[in-house]
Amino acid sequence: MSSNNIFMMSFILCPMIMFMLSAAATPTTTSFNVLLGFGAKPDGITDSTDSFLRAWEAACASTDDALIYVPKGRYLVRPLAFKGPCKSLHITVRIDGTLVAPEDYQVLGGAENWLNFQRVSGVSIVGGAFDARGPALWACKANPANNCPSGATTLSITYSKDIKIIGLMSLNSQMFHIVINHCENVEMRGVKIIAHGDSPNTDGIHVQLSKNVVIFNSVVGTGDDCVSIGPGTQNLWIERMTCGPGHGISIGSLAKNMEEEGVQNVTVKQIIFTGTQNGIRIKSWAKLSNGFVESVHFSNIVMRNVQNPIIIDQNYCPSHINCPTEVSSIKINNITYKNIKGTSATLVATKFDCSSGYPCNGIRLEDINLTFRNKSAQSFCANANGKSFGSVLPDSCLSNSGI
(Lines give C-alpha, C1' and ligand atoms only; values in the text may rest on other atoms or scores of the structure.)
Protein backbone atom coordinates (compact mmCIF):
# COMPACT_ATOMS: atom_id res chain seq x y z
CA MET A 1 0.00 0.00 0.00
CA SER A 2 1.33 3.41 -0.92
CA SER A 3 2.16 5.98 1.69
CA ASN A 4 -0.63 8.22 0.32
CA ASN A 5 -3.22 5.45 0.80
CA ILE A 6 -1.98 4.75 4.32
CA PHE A 7 -2.32 8.44 5.13
CA MET A 8 -5.85 8.61 3.70
CA MET A 9 -6.90 5.48 5.65
CA SER A 10 -5.54 6.94 8.88
CA PHE A 11 -7.36 10.20 8.17
CA ILE A 12 -10.67 8.29 7.88
CA LEU A 13 -10.19 5.77 10.70
CA CYS A 14 -8.81 8.04 13.44
CA PRO A 15 -11.98 10.16 13.82
CA MET A 16 -14.07 6.97 13.77
CA ILE A 17 -11.95 5.40 16.51
CA MET A 18 -12.09 8.59 18.57
CA PHE A 19 -15.90 8.69 18.20
CA MET A 20 -16.18 5.05 19.26
CA LEU A 21 -13.97 5.62 22.32
CA SER A 22 -15.95 8.72 23.24
CA ALA A 23 -19.25 6.88 22.91
CA ALA A 24 -17.93 4.01 25.00
CA ALA A 25 -16.87 6.44 27.73
CA THR A 26 -20.33 8.04 27.95
CA PRO A 27 -22.34 6.31 30.72
CA THR A 28 -25.82 5.05 29.92
CA THR A 29 -28.67 6.23 32.16
CA THR A 30 -31.66 3.98 32.78
CA SER A 31 -34.86 5.67 33.98
CA PHE A 32 -37.37 4.31 36.49
CA ASN A 33 -40.66 6.21 36.72
CA VAL A 34 -42.52 5.48 39.96
CA LEU A 35 -45.82 6.44 38.32
CA LEU A 36 -45.64 4.68 34.96
CA GLY A 37 -43.38 1.77 35.73
CA PHE A 38 -44.24 0.90 39.32
CA GLY A 39 -47.82 1.95 39.91
CA ALA A 40 -47.46 4.83 42.36
CA LYS A 41 -50.59 6.99 42.68
CA PRO A 42 -50.18 10.81 42.78
CA ASP A 43 -53.43 11.37 44.68
CA GLY A 44 -52.03 11.74 48.20
CA ILE A 45 -54.40 9.02 49.42
CA THR A 46 -53.30 5.69 47.92
CA ASP A 47 -50.33 4.07 49.67
CA SER A 48 -47.38 4.22 47.24
CA THR A 49 -44.74 2.87 49.62
CA ASP A 50 -44.23 -0.39 47.75
CA SER A 51 -43.95 1.40 44.40
CA PHE A 52 -41.11 3.59 45.64
CA LEU A 53 -39.34 0.64 47.20
CA ARG A 54 -39.52 -1.43 44.00
CA ALA A 55 -38.27 1.52 41.94
CA TRP A 56 -35.32 1.87 44.27
CA GLU A 57 -34.51 -1.85 44.14
CA ALA A 58 -34.56 -1.77 40.33
CA ALA A 59 -32.33 1.31 40.16
CA CYS A 60 -29.95 -0.07 42.77
CA ALA A 61 -29.58 -3.33 40.83
CA SER A 62 -28.91 -1.56 37.52
CA THR A 63 -25.41 -1.66 36.09
CA ASP A 64 -26.05 1.73 34.40
CA ASP A 65 -26.39 5.14 35.95
CA ALA A 66 -29.98 5.29 37.17
CA LEU A 67 -32.69 7.94 37.34
CA ILE A 68 -35.70 7.47 39.63
CA TYR A 69 -38.33 9.95 38.48
CA VAL A 70 -41.23 11.13 40.65
CA PRO A 71 -43.68 13.18 38.51
CA LYS A 72 -45.88 15.96 39.83
CA GLY A 73 -48.53 15.01 42.37
CA ARG A 74 -48.78 13.96 46.01
CA TYR A 75 -47.55 10.50 46.96
CA LEU A 76 -48.49 8.93 50.28
CA VAL A 77 -45.62 6.85 51.68
CA ARG A 78 -44.95 5.14 55.00
CA PRO A 79 -41.41 4.74 56.44
CA LEU A 80 -38.99 3.74 53.69
CA ALA A 81 -35.41 2.45 53.81
CA PHE A 82 -33.43 2.83 50.58
CA LYS A 83 -30.58 0.41 51.20
CA GLY A 84 -27.25 -0.12 49.49
CA PRO A 85 -24.64 -0.86 48.45
CA CYS A 86 -25.85 -0.67 44.86
CA LYS A 87 -24.47 -1.91 41.56
CA SER A 88 -25.29 1.44 39.96
CA LEU A 89 -22.53 3.92 40.71
CA HIS A 90 -24.79 6.97 40.31
CA ILE A 91 -28.47 7.16 41.23
CA THR A 92 -30.42 10.39 40.83
CA VAL A 93 -33.79 10.68 42.55
CA ARG A 94 -35.56 13.48 40.65
CA ILE A 95 -38.72 14.63 42.45
CA ASP A 96 -41.20 16.98 40.80
CA GLY A 97 -43.95 16.06 43.25
CA THR A 98 -44.50 15.93 47.01
CA LEU A 99 -44.09 12.95 49.32
CA VAL A 100 -46.64 13.06 52.15
CA ALA A 101 -46.80 11.13 55.41
CA PRO A 102 -49.97 9.35 56.59
CA GLU A 103 -52.40 11.57 58.48
CA ASP A 104 -52.14 9.34 61.59
CA TYR A 105 -48.92 10.52 63.23
CA GLN A 106 -48.54 7.14 64.94
CA VAL A 107 -47.56 5.57 61.60
CA LEU A 108 -44.32 7.57 61.50
CA GLY A 109 -44.16 8.39 65.19
CA GLY A 110 -42.84 5.02 66.28
CA ALA A 111 -40.22 4.88 63.52
CA GLU A 112 -36.80 6.45 63.87
CA ASN A 113 -36.83 7.72 60.29
CA TRP A 114 -39.39 8.38 57.58
CA LEU A 115 -37.03 8.27 54.56
CA ASN A 116 -33.67 6.68 55.19
CA PHE A 117 -30.80 6.15 52.72
CA GLN A 118 -28.42 3.55 54.16
CA ARG A 119 -24.94 2.59 52.94
CA VAL A 120 -25.30 4.21 49.54
CA SER A 121 -22.79 6.00 47.34
CA GLY A 122 -23.21 8.47 44.49
CA VAL A 123 -26.87 9.30 45.23
CA SER A 124 -28.37 12.69 44.31
CA ILE A 125 -31.79 13.84 45.57
CA VAL A 126 -32.99 16.68 43.36
CA GLY A 127 -36.04 18.86 43.88
CA GLY A 128 -39.36 17.93 45.40
CA ALA A 129 -40.96 18.35 48.81
CA PHE A 130 -41.39 16.11 51.86
CA ASP A 131 -44.46 16.88 54.00
CA ALA A 132 -44.29 14.94 57.27
CA ARG A 133 -47.54 16.41 58.67
CA GLY A 134 -45.91 17.08 62.02
CA PRO A 135 -48.40 19.48 63.69
CA ALA A 136 -50.64 16.69 65.02
CA LEU A 137 -47.72 15.12 66.89
CA TRP A 138 -46.50 18.51 68.11
CA ALA A 139 -49.98 19.12 69.56
CA CYS A 140 -49.82 15.76 71.34
CA LYS A 141 -46.44 16.64 72.85
CA ALA A 142 -47.74 20.02 74.06
CA ASN A 143 -49.53 18.19 76.89
CA PRO A 144 -47.02 16.36 79.15
CA ALA A 145 -49.79 14.01 80.29
CA ASN A 146 -50.12 12.55 76.79
CA ASN A 147 -48.33 9.36 75.86
CA CYS A 148 -46.86 10.53 72.57
CA PRO A 149 -44.33 8.75 70.34
CA SER A 150 -40.96 10.43 69.86
CA GLY A 151 -41.49 11.07 66.16
CA ALA A 152 -39.45 10.39 63.05
CA THR A 153 -36.64 12.22 61.30
CA THR A 154 -37.87 13.14 57.81
CA LEU A 155 -34.69 12.39 55.80
CA SER A 156 -31.77 10.44 57.21
CA ILE A 157 -28.55 9.67 55.33
CA THR A 158 -26.42 7.10 57.18
CA TYR A 159 -23.11 5.37 56.46
CA SER A 160 -22.99 6.86 52.97
CA LYS A 161 -20.69 8.93 50.76
CA ASP A 162 -20.75 11.21 47.73
CA ILE A 163 -24.29 12.45 48.36
CA LYS A 164 -26.03 15.51 46.89
CA ILE A 165 -29.29 17.07 48.12
CA ILE A 166 -30.33 19.87 45.76
CA GLY A 167 -33.43 22.09 45.89
CA LEU A 168 -35.34 19.98 48.40
CA MET A 169 -38.09 21.34 50.67
CA SER A 170 -38.81 19.70 54.03
CA LEU A 171 -42.10 20.74 55.60
CA ASN A 172 -43.35 20.13 59.16
CA SER A 173 -41.08 17.29 60.20
CA GLN A 174 -42.11 15.32 63.28
CA MET A 175 -38.56 15.54 64.64
CA PHE A 176 -35.32 16.44 62.84
CA HIS A 177 -35.72 17.39 59.18
CA ILE A 178 -32.40 16.17 57.72
CA VAL A 179 -29.76 14.07 59.52
CA ILE A 180 -26.30 13.34 58.12
CA ASN A 181 -24.75 10.54 60.20
CA HIS A 182 -21.53 8.60 59.51
CA CYS A 183 -21.20 10.10 56.04
CA GLU A 184 -18.46 11.51 53.82
CA ASN A 185 -18.62 14.06 51.00
CA VAL A 186 -22.14 15.45 51.27
CA GLU A 187 -23.32 18.54 49.39
CA MET A 188 -26.57 20.38 50.14
CA ARG A 189 -27.67 23.33 48.00
CA GLY A 190 -30.88 25.30 47.86
CA VAL A 191 -32.52 23.37 50.70
CA LYS A 192 -35.61 24.93 52.27
CA ILE A 193 -36.85 23.82 55.70
CA ILE A 194 -40.13 25.02 57.19
CA ALA A 195 -41.73 24.34 60.58
CA HIS A 196 -43.44 26.46 63.22
CA GLY A 197 -41.21 28.23 65.72
CA ASP A 198 -42.84 26.27 68.58
CA SER A 199 -42.39 22.84 66.99
CA PRO A 200 -40.36 20.66 69.41
CA ASN A 201 -37.02 19.07 68.47
CA THR A 202 -37.36 19.89 64.79
CA ASP A 203 -33.70 20.62 64.06
CA GLY A 204 -33.29 21.68 60.45
CA ILE A 205 -30.03 19.95 59.52
CA HIS A 206 -28.10 17.78 61.96
CA VAL A 207 -24.55 16.61 61.15
CA GLN A 208 -22.59 14.13 63.25
CA LEU A 209 -19.76 11.63 62.83
CA SER A 210 -19.30 12.91 59.28
CA LYS A 211 -16.67 14.75 57.28
CA ASN A 212 -16.53 16.96 54.22
CA VAL A 213 -20.09 18.28 54.38
CA VAL A 214 -21.07 21.55 52.65
CA ILE A 215 -24.36 23.47 52.96
CA PHE A 216 -24.96 26.37 50.54
CA ASN A 217 -27.79 28.81 49.75
CA SER A 218 -30.35 27.39 52.14
CA VAL A 219 -33.31 28.72 54.13
CA VAL A 220 -34.18 27.24 57.52
CA GLY A 221 -37.04 28.22 59.81
CA THR A 222 -37.96 25.74 62.51
CA GLY A 223 -38.54 25.15 66.23
CA ASP A 224 -35.03 24.07 67.18
CA ASP A 225 -31.50 24.53 65.81
CA CYS A 226 -31.34 25.60 62.18
CA VAL A 227 -28.16 23.53 62.01
CA SER A 228 -26.94 21.34 64.86
CA ILE A 229 -23.39 20.01 64.76
CA GLY A 230 -22.71 16.88 66.76
CA PRO A 231 -19.58 14.99 67.85
CA GLY A 232 -17.29 13.64 65.16
CA THR A 233 -17.99 16.41 62.65
CA GLN A 234 -14.95 17.36 60.54
CA ASN A 235 -14.59 19.79 57.66
CA LEU A 236 -18.07 21.32 57.67
CA TRP A 237 -18.74 24.40 55.54
CA ILE A 238 -21.97 26.43 55.85
CA GLU A 239 -22.37 29.47 53.60
CA ARG A 240 -25.24 31.78 52.58
CA MET A 241 -28.08 30.73 54.83
CA THR A 242 -31.02 32.48 56.44
CA CYS A 243 -32.04 31.16 59.85
CA GLY A 244 -35.23 32.00 61.71
CA PRO A 245 -37.27 31.14 63.58
CA GLY A 246 -35.17 28.64 65.48
CA HIS A 247 -32.38 28.23 67.98
CA GLY A 248 -29.55 29.28 65.66
CA ILE A 249 -26.51 27.33 64.48
CA SER A 250 -25.19 25.21 67.35
CA ILE A 251 -22.16 23.04 67.94
CA GLY A 252 -23.43 20.55 70.49
CA SER A 253 -24.73 19.79 72.86
CA LEU A 254 -21.48 18.01 73.69
CA ALA A 255 -20.27 15.99 76.72
CA LYS A 256 -23.27 13.70 76.73
CA ASN A 257 -20.82 10.81 76.94
CA MET A 258 -17.32 10.34 78.31
CA GLU A 259 -16.10 8.77 75.07
CA GLU A 260 -16.94 11.36 72.43
CA GLU A 261 -15.30 12.40 69.17
CA GLY A 262 -14.29 16.01 68.64
CA VAL A 263 -15.58 18.73 66.32
CA GLN A 264 -13.00 20.40 64.11
CA ASN A 265 -12.59 22.59 61.03
CA VAL A 266 -16.01 24.24 60.85
CA THR A 267 -16.66 27.37 58.76
CA VAL A 268 -19.89 29.35 59.04
CA LYS A 269 -20.16 32.48 56.87
CA GLN A 270 -22.66 34.83 55.24
CA ILE A 271 -25.57 33.94 57.53
CA ILE A 272 -28.60 36.07 58.47
CA PHE A 273 -30.29 35.26 61.79
CA THR A 274 -33.74 36.75 62.36
CA GLY A 275 -35.55 36.51 65.69
CA THR A 276 -33.72 33.37 66.76
CA GLN A 277 -33.02 32.20 70.30
CA ASN A 278 -29.29 32.06 69.56
CA GLY A 279 -27.03 33.08 66.76
CA ILE A 280 -23.77 31.13 66.72
CA ARG A 281 -23.49 28.82 69.73
CA ILE A 282 -21.18 26.20 71.22
CA LYS A 283 -22.75 24.23 74.07
CA SER A 284 -21.70 21.40 76.36
CA TRP A 285 -23.01 19.83 79.50
CA ALA A 286 -21.01 20.29 82.72
CA LYS A 287 -19.77 16.73 82.54
CA LEU A 288 -16.47 14.94 81.95
CA SER A 289 -15.77 14.01 78.35
CA ASN A 290 -12.74 13.57 76.12
CA GLY A 291 -14.40 15.57 73.33
CA PHE A 292 -13.16 18.87 71.95
CA VAL A 293 -13.95 21.78 69.63
CA GLU A 294 -11.18 23.38 67.58
CA SER A 295 -10.66 25.50 64.48
CA VAL A 296 -14.12 27.01 64.11
CA HIS A 297 -14.54 30.21 62.09
CA PHE A 298 -17.66 32.42 62.05
CA SER A 299 -17.64 35.40 59.67
CA ASN A 300 -19.81 37.91 57.77
CA ILE A 301 -22.91 37.36 59.87
CA VAL A 302 -25.95 39.57 60.45
CA MET A 303 -28.01 39.34 63.66
CA ARG A 304 -31.56 40.72 63.67
CA ASN A 305 -33.11 40.79 67.15
CA VAL A 306 -31.31 37.62 68.29
CA GLN A 307 -31.46 36.71 72.00
CA ASN A 308 -27.88 35.38 72.28
CA PRO A 309 -25.97 36.46 69.18
CA ILE A 310 -22.59 34.99 70.23
CA ILE A 311 -22.51 32.36 72.96
CA ILE A 312 -20.33 29.61 74.37
CA ASP A 313 -22.18 27.75 77.13
CA GLN A 314 -20.29 25.01 78.95
CA ASN A 315 -22.94 24.78 81.66
CA TYR A 316 -25.72 23.76 79.30
CA CYS A 317 -28.87 22.49 81.04
CA PRO A 318 -32.00 23.72 79.27
CA SER A 319 -34.55 22.36 81.77
CA HIS A 320 -32.58 23.54 84.83
CA ILE A 321 -33.65 20.29 86.54
CA ASN A 322 -31.14 17.70 87.79
CA CYS A 323 -28.33 19.57 86.07
CA PRO A 324 -24.88 17.91 86.19
CA THR A 325 -22.60 19.28 88.88
CA GLU A 326 -19.21 18.45 87.36
CA VAL A 327 -17.21 20.79 85.14
CA SER A 328 -17.18 20.35 81.38
CA SER A 329 -13.91 18.87 80.14
CA ILE A 330 -14.68 19.67 76.50
CA LYS A 331 -11.61 21.58 75.30
CA ILE A 332 -12.50 24.59 73.16
CA ASN A 333 -9.68 26.17 71.17
CA ASN A 334 -9.12 28.46 68.18
CA ILE A 335 -12.56 30.00 67.66
CA THR A 336 -12.77 33.05 65.38
CA TYR A 337 -15.61 35.59 65.17
CA LYS A 338 -15.17 38.15 62.36
CA ASN A 339 -17.42 40.84 60.90
CA ILE A 340 -20.53 40.11 62.94
CA LYS A 341 -23.07 42.91 63.10
CA GLY A 342 -26.67 43.59 64.10
CA THR A 343 -28.99 43.71 67.07
CA SER A 344 -29.34 41.67 70.23
CA ALA A 345 -32.72 41.06 71.88
CA THR A 346 -30.99 40.91 75.27
CA LEU A 347 -28.49 43.17 77.02
CA VAL A 348 -25.67 40.58 76.92
CA ALA A 349 -24.82 40.13 73.25
CA THR A 350 -21.53 38.25 73.67
CA LYS A 351 -21.33 35.50 76.28
CA PHE A 352 -18.43 33.13 76.92
CA ASP A 353 -19.36 30.91 79.85
CA CYS A 354 -16.48 28.44 79.68
CA SER A 355 -15.38 25.59 81.92
CA SER A 356 -13.53 26.44 85.13
CA GLY A 357 -11.50 23.25 84.76
CA TYR A 358 -10.77 23.60 81.03
CA PRO A 359 -10.96 27.28 80.00
CA CYS A 360 -11.62 28.28 76.40
CA ASN A 361 -8.44 29.29 74.59
CA GLY A 362 -7.69 31.06 71.34
CA ILE A 363 -10.89 33.07 70.99
CA ARG A 364 -10.46 35.82 68.41
CA LEU A 365 -12.93 38.70 68.01
CA GLU A 366 -12.54 40.99 64.99
CA ASP A 367 -14.85 43.76 63.75
CA ILE A 368 -17.87 43.05 65.94
CA ASN A 369 -20.77 45.53 66.23
CA LEU A 370 -23.77 44.33 68.23
CA THR A 371 -26.24 46.70 69.86
CA PHE A 372 -29.21 46.40 72.22
CA ARG A 373 -32.17 48.75 71.70
CA ASN A 374 -30.00 51.22 69.79
CA LYS A 375 -27.54 51.34 72.69
CA SER A 376 -24.36 49.58 73.63
CA ALA A 377 -24.78 45.92 74.53
CA GLN A 378 -22.68 44.09 77.12
CA SER A 379 -20.37 41.10 77.15
CA PHE A 380 -19.83 38.35 79.73
CA CYS A 381 -16.74 36.19 80.14
CA ALA A 382 -15.89 33.36 82.49
CA ASN A 383 -12.71 31.29 81.99
CA ALA A 384 -12.25 32.58 78.45
CA ASN A 385 -8.91 33.55 76.91
CA GLY A 386 -8.38 35.38 73.66
CA LYS A 387 -7.85 38.71 71.93
CA SER A 388 -9.77 41.40 70.06
CA PHE A 389 -8.83 43.06 66.77
CA GLY A 390 -10.29 46.09 65.06
CA SER A 391 -13.49 47.57 66.43
CA VAL A 392 -15.25 45.26 68.88
CA LEU A 393 -18.62 46.26 70.38
CA PRO A 394 -19.63 45.35 72.99
CA ASP A 395 -16.18 45.76 74.52
CA SER A 396 -14.40 42.47 74.90
CA CYS A 397 -14.07 40.98 78.37
CA LEU A 398 -11.55 38.36 77.25
CA SER A 399 -8.34 37.93 79.18
CA ASN A 400 -5.41 38.59 76.86
CA SER A 401 -3.95 35.13 76.56
CA GLY A 402 -4.63 31.93 74.71
CA ILE A 403 -3.81 33.07 71.16
Side-chain angles (χ1 to χ4, degrees), residues 197 220-221 225-227 229 237-252 263 266-284 293-316 328 330 332-356 358-403:
V220 184
D225 293 329
C226 292
V227 181
I229 302 162
W237 190 286
I238 305 170
E239 184 173 354
R240 296 189 298 277
M241 173 182 287
T242 62
C243 170
H247 294 179
I249 294 178
S250 297
I251 296 176
V263 175
V266 175
T267 297
V268 178
K269 62 188 299 185
Q270 290 183 244
I271 314 294
I272 298 175
F273 295 93
T274 302
T276 52
Q277 185 186 87
N278 306 284
I280 41 185
R281 173 171 60 161
I282 300 172
K283 56 178 178 172
S284 73
V293 180
E294 66 178 22
S295 299
V296 178
H297 306 287
F298 303 105
S299 65
N300 302 330
I301 292 171
V302 175
M303 306 286 181
R304 296 173 176 168
N305 200 37
V306 174
Q307 293 181 36
N308 302 294
I310 297 174
I311 179 170
I312 296 177
D313 181 4
Q314 291 201 263
N315 293 289
Y316 178 70
S328 175
I330 296 290
I332 297 176
N333 183 55
N334 187 22
I335 314 297
T336 300
Y337 304 88
K338 182 178 181 180
N339 190 28
I340 299 172
K341 297 174 169 49
T343 56
S344 173
T346 59
L347 181 59
V348 178
T350 304
K351 182 177 182 180
F352 300 123
D353 186 10
C354 297
S355 170
S356 59
Y358 300 84
C360 300
N361 288 308
I363 297 175
R364 178 187 176 104
L365 297 173
E366 183 176 354
D367 297 332
I368 311 295
N369 188 352
L370 296 169
T371 61
F372 171 65
R373 295 180 180 174
N374 296 319
K375 298 179 182 178
S376 297
Q378 294 181 6
S379 60
F380 170 86
C381 294
N383 312 304
N385 302 314
K387 292 184 179 180
S388 299
F389 300 85
S391 174
V392 174
L393 296 172
D395 292 334
S396 172
C397 54
L398 295 171
S399 59
N400 292 321
S401 62
I403 289 185

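All of these numbers come straight from a predicted model, not from anything done at the bench. Worth knowing before you read on, the calculation uses all heavy atoms, side chains too, and leaves out hydrogens, waters and symmetry mates.
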Just checking, any donor-acceptor pair under 3.5 angstrom between side chains of Asn339 and Asn300? yes
Could you verify whether a donor N or O on one side chain and an acceptor N or O on the other, from His297 and Thr267, lie under 3.5 Å apart? no
Is the shortest side-chain heavy-atom distance between [X] and [Y] below 4.5 Å?
| X | Y | result |
| --- | --- | --- |
| Asn361 | Ile332 | no |
| Val296 | Ile251 | yes |
| Ile280 | Met303 | yes |

Distance in Å, Leu347 CG paired with Phe380 CZ, rounded so as to fall on 0.5 Å steps: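 With rounding to 0.5 Å, CG (Leu347) is 13.0 Å from CZ (Phe380).
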Just to verify, what does Tyr358 make a ring pair (Phe, Tyr, Trp, His ring centres under 6.0 Å) with, not counting sequence neighbours?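 In terms of ring pair (Phe, Tyr, Trp, His ring centres under 6.0 Å), with neighbours along the sequence ignored, Tyr358 is linked to no residue.
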Sequence neighbours left out, what passes ring pair (Phe, Tyr, Trp, His ring centres under 6.0 Å) with Phe298? Give chain and number order. Tyr337
Those residues that, when tested against [X], pass side-chain hydrogen bond (donor to acceptor under 3.5 Å, both in side chains) (two or more places apart):
| X | answer |
| --- | --- |
| Gln378 | none |
| Ser295 | Asn334 |
| Ser299 | none |
| Ser396 | Ser388 |

Donor-acceptor contact below 3.5 Å, side chain [X] vs main chain [Y]:
| X | Y | value |
| --- | --- | --- |
| Ser379 | Asp395 | yes |
| Gln314 | Ile330 | yes |
| Ser355 | Ser328 | yes |

Considering residues, nucleotides and ligands other than Arg304, do more than 12 of their heavy atoms fall under 6.0 Å from its CZ? no
Listing, residues 306-313 side-chain donor-acceptor contacts under 3.5 Å, not counting sequence neighbours, or none:
from: Asn308; atom 1: ND2; to: Gln277; atom 2: O; distance (Å): 3.2
from: Asn308; atom 1: ND2; to: Asn278; atom 2: OD1; distance (Å): 3.1
from: Asp313; atom 1: OD1; to: Asn315; atom 2: N; distance (Å): 2.9
from: Asp313; atom 1: OD1; to: Tyr316; atom 2: N; distance (Å): 3.4

Do any pairs count as a salt bridge (Lys or Arg N to Asp or Glu O under 4.0 Å) and have a residue in residues 334-348, sequence neighbours left out, and if so which ones?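 Listed once each, the pairs would be none.
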Enumerate the residue pairs fulfilling salt bridge (Lys or Arg N to Asp or Glu O under 4.0 Å) with a member in residues 266-283, sequence neighbours excluded, ordered by first and then second residue. Asp225-Arg281, Asp225-Lys283
Output side-chain donor-acceptor pairs under 3.5 Å for residues 366-375, partner residues at least two apart or in another chain, one line each.
from: Glu366; atom 1: OE1; to: Arg364; atom 2: NE; distance (Å): 3.4
from: Glu366; atom 1: OE1; to: Arg364; atom 2: NH2; distance (Å): 3.3

Which residues pass the side-chain contact (heavy atoms from CB on, under 4.5 Å) test with Asn305, sequence neighbours left out?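 Once residues adjacent in sequence are excluded, the partners of Asn305 under the side-chain contact (heavy atoms from CB on, under 4.5 Å) criterion are Thr343, Ala345.
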Identify which one of Ile282, Ile229, Val266 satisfies the side chain to side chain contact (heavy atoms under 4.5 Å, CB included) criterion when paired with Val293.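 Testing each of Ile282, Ile229, Val266 against Val293, the sole residue satisfying side chain to side chain contact (heavy atoms under 4.5 Å, CB included) is Ile282.
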